[in-house]
Amino acid sequence: MVQTIIVVGGQWGDEGKGKIVDFLAERADIVIRYAGGNNAGHTVVVGDRKFKFHLIPSGIVHENKLNIIGNGTVVDPEVLVDEIETLEKMGFKIDETKLVVSSSAHTILPKHREEDNPQKDPHAKMIGTTGRGIGPCYRDKIARKGIRISDYIESSSSETAKKLKPLIKDTCFIINEAIEKGKKVLFEGAQGTLLDIDHGTYPFVTSSNPTAGGALTGTGIGPTKIDSVIGVFKAYTTRVGAGPFPTELGTEEQTNKEGTWDKIEPVYDEALKEALEKANSGDEYFQGKYMRLKGREYGTTTGRPRRTGWFDGVAAKYAVMINGMSSIVITKLDVLQGLEKIKICTAYEVDCEKTTKFVLNSKKLAKAKPIYEVMPGWNEDISDAKSFDELPKNTQNYLKKLEEVCRAKISIISVGPRRDQTIIADDSDLF
Ligand code: IMP
């Protein structure tokens, strides 16, 4: 029986983890965030209501679940209180039976936010940070100059500190005791493997460990307690911020030039039609633009367009390895509908040599040329498919190829944003 699951992003974040976590959270007793802070952002759709979270785990919208913000995270107290108050206004009662924060999590202070400003700091600009103070806060933690949230609460008489005080607990005991009692525990990853400070495309990464190892150090449980690691991948690839992206279609400059979602929205239908026509005539930039438009690949908070590209099987195989993924989830498969040809990167050419291993050096990776396998696409609408067998043959073949390239089995396929647009292909490592 599966009792503990880690969900991790397999790419550069924004893989649609929120929906998968939400789906699994329904069957979990405890949901825990273990790394990152309010640099993350995910939308969960429940019925006709949309919830946006940056810090609070996705389990908060479910009844009778304990949500934990683990010691590996960094917490901006004002943002946390803001999210709590938003939820309260929506009718959710938030107390320590629903949400607790590790006493050892570090505090994002105003000075961290001020420092992490891409408009003022050339380094933050170069990385393309979210500007939320994440990097400076982790830096102070590692330099042993940071302030743990328990110390912040003790030293501050602010309304924010008073509101948070009852929620601050030594969560490692809560989690380990719950596991001992047979409770189901879900570890909710933020960001993605390729943004990991150790295993990602350094320096174009975040400052924590979003990978499965981070779920252990970020919560205080041992590796023997984990039953399964599920990696979430989009059926294609996206990236926000700067850094190497071997399968990118078009350039970062071209994407940024398109502008934010508010500019696209009024002309969406014509733009989508044009993009598909040009994509199918072989124009690579428009292939990427089609994914961006159809997949609504615009930042949840900023509205900024995301860079898009084909599925990178070399990077995915690496992510499967680094996390020890027991299965993978493919999201947004419906977005590829209409493209006559779909490509999967199965190797890179670097300095005139072919490799199927991910390239750890970012300067070298930036020079890597993708080598593709081309597969026929599909024109059928798959957004109502309820099983693998109901999918068109070409879609099935694409999924089988992804399994082969990643060397992992697919457990869940997502064909749309709604909860009922989720196909369970293999439930052996789910709750
Ligand atoms: P930071 O985490 O704000 O320091 O940003 C570092 C890099 O990680 C930037 O390229 C960000 O765009 C990226 N990043 C951080 N959080 C996320 C996320 O949740 N999704 C996608 N990219 C992210």
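We're numbering straight along the sequence, starting at 1. In listed order, ligands and their atoms are each counted from 1.
Side chain of Thr73 to main chain of Val75: no donor-acceptor pair is present (N/O by atom type, distance under 3.5 Å, no hydrogens or angles).
Salt bridge status for Glu115 with Arg139: present, with a side-chain N to carboxylate O gap under 4.0 Å. A salt bridge is absent between Lys89 and Glu85: the closest approach of a Lys/Arg side-chain nitrogen to an acidic carboxylate oxygen does not fall below 4.0 angstrom. Note on Asp76 versus Arg132: no salt bridge recorded, every NZ/NE/NH1/NH2 to OD/OE distance being 4.0 Å or above. Glu26 and Arg419 are joined by a salt bridge, as a carboxylate oxygen and a charged side-chain nitrogen come within less than 4.0 angstrom of each other. Looking at Glu297 and Arg307, no side-chain N of the basic residue comes within less than 4.0 Å of a carboxylate O on the acidic one, giving no salt bridge. Glu404 and Lys401 are joined by a salt bridge, as a carboxylate oxygen and a charged side-chain nitrogen come within less than 4.0 angstrom of each other.
The distance from ligand 1 to the heavy atoms of Trp12 drops below 4.0 Å at these ligand atoms: 21 (C), 22 (N). Those atoms of ligand 1 with a heavy atom of Gln191 less than 4.0 angstrom away are 15 (C), 16 (N), 17 (C), 18 (C), 19 (O). Which parts of ligand 1 touch Gly241 is read off a 4.0 Å heavy-atom cut-off, strictly below it: atoms 10 (O). Residue Val240 has at least one heavy-atom neighbour below 4.0 Å for each of these atoms of ligand 1: 10 (O), 12 (O), 21 (C), 22 (N). Under a 4.0 Å criterion applied to the non-hydrogen atoms of Gly128, ligand 1 contributes the atoms 9 (C), 10 (O), 11 (C), 12 (O).
Given atom 23 (C) of ligand 1, the protein heavy atom at minimum distance is Leu195 CD1, 3.5 Å. Nearest non-hydrogen protein atom to atom 5 (O) of ligand 1 is Thr129 CA, 3.4 Å. Atom 10 (O) of ligand 1 has as its closest protein heavy atom Ile127 O, 3.4 Å. Counting protein heavy atoms only, atom 19 (O) of ligand 1 is closest to Ala40 CA, 3.4 Å. Of the protein's non-hydrogen atoms, the one nearest atom 21 (C) of ligand 1 is Asp14 OD2, 3.2 Å. Of all protein heavy atoms, the one closest to atom 7 (C) of ligand 1 is Val205 O, 3.7 Å. Of the protein's non-hydrogen atoms, Thr206 OG1, 2.6 Å is the one closest to atom 2 (O) of ligand 1.
Taking a 4.0 Å cut-off on heavy atoms, Arg132 fails to register as neighbouring ligand 1.
Ring geometry, Trp378 versus Tyr398: the interplanar angle falls from 30° to 60°, so the pair is classed tilted.
No part of Phe204 comes within 4.0 Å of ligand 1, judged by heavy-atom distances. Both the backbone and the side chain of Thr130 come within contact range of ligand 1, each with a heavy atom under 4.0 Å.
For the pair Arg296 and Arg306, the minimum side-chain heavy-atom distance is 4.5 Å or more.
The aromatic ring centres of Phe204 and Trp12 sit 6.0 Å or more apart.
Considering backbone and side-chain atoms together, Asn39 places an N or O closer than 3.5 Å to an N or O of ligand 1.
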